[in-house]
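To start, the structure itself, in structure tokens.
This one's a predicted model, so the numbers in the text were calculated from it and none came from an experiment.
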Amino acid sequence: MFLPSVRTSLILKHKGPKTRLLDADGHTVLPGLYDSHVHPVGAALSELRESLPVLKSLKDVFAHIRKQAARTPEGEWIVVRFAFPHTAR
């Protein structure tokens, strides 16, 4: 539960049996938000310059980065788009 900064007594009225209290020691706490949305134009143009790489493992990701590094001018960024590390094996 995330509540705005108000008096503690007002916040504790919302406390339930499974509520965990966190003492942030005066620091700001922000909730983790998941922003589910799409970028249709970006998706439509994502393969305009080249096909998206199939990256199923960390080995695939590192091989792709090495390939990109060989053809990317020094000082320019290598961006690996649409790679999802949590699915890599």
Side-chain angles (χ1 to χ4, degrees):
M1 174 185 306
F2 180 76
L3 297 171
S5 205
V6 294
R7 287 195 344 240
T8 302
S9 62
L10 294 175
I11 291 173
L12 291 178
K13 287 181 183 181
H14 298 279
K15 182 179 176 275
K18 294 185 178 183
T19 301
R20 281 185 21 205
L21 297 179
L22 170 70
D23 181 356
D25 194 29
H27 293 93
T28 301
V29 177
L30 298 175
L33 301 175
Y34 290 91
D35 183 10
S36 178
H37 66 281
V38 297
H39 296 264
V41 173
L45 299 175
S46 63
E47 296 189 74
L48 184 63
R49 287 192 298 152
E50 63 183 317
S51 296
L52 295 175
V54 177
L55 306 171
K56 293 185 177 182
S57 68
L58 290 177
K59 182 180 176 182
D60 293 343
V61 173
F62 296 143
H64 176 70
I65 291 171
R66 280 192 290 280
K67 180 180 168 187
Q68 293 297 100
R71 65 182 204 176
T72 301
E74 187 174 334
E76 287 191 23
W77 286 85
I78 297 171
V79 178
V80 181
R81 298 183 68 215
F82 306 105
F84 305 100
H86 66 283
T87 62
R89 304 261 184 258

**Fill in**
The complete set of ring-ring contact (aromatic ring centres under 6.0 Å, His included) pairs with one or both residues in residues 38-68, sequence neighbours excluded, reads His37-His39
**Request:** Linking directly or through intermediates, with side-chain heavy atoms under 4.5 Å: list the remaining ILVMFWY members grouped with Val41, chain and number order.
**Result:** Leu45, Leu48
**Closest approach of Leu52 to Glu47 (non-hydrogen atoms, all atoms of both residues)** = N-OE1, 3.3 Å
**Prompt:** Closest heavy-atom contact between Asp60 and Leu55?
**Reply:** O-CD2, 3.5 Å
**Prompt:** Under the salt bridge (Lys or Arg N to Asp or Glu O under 4.0 Å) test, which residues partner Arg71, sequence neighbours left out?
**Reply:** Glu50
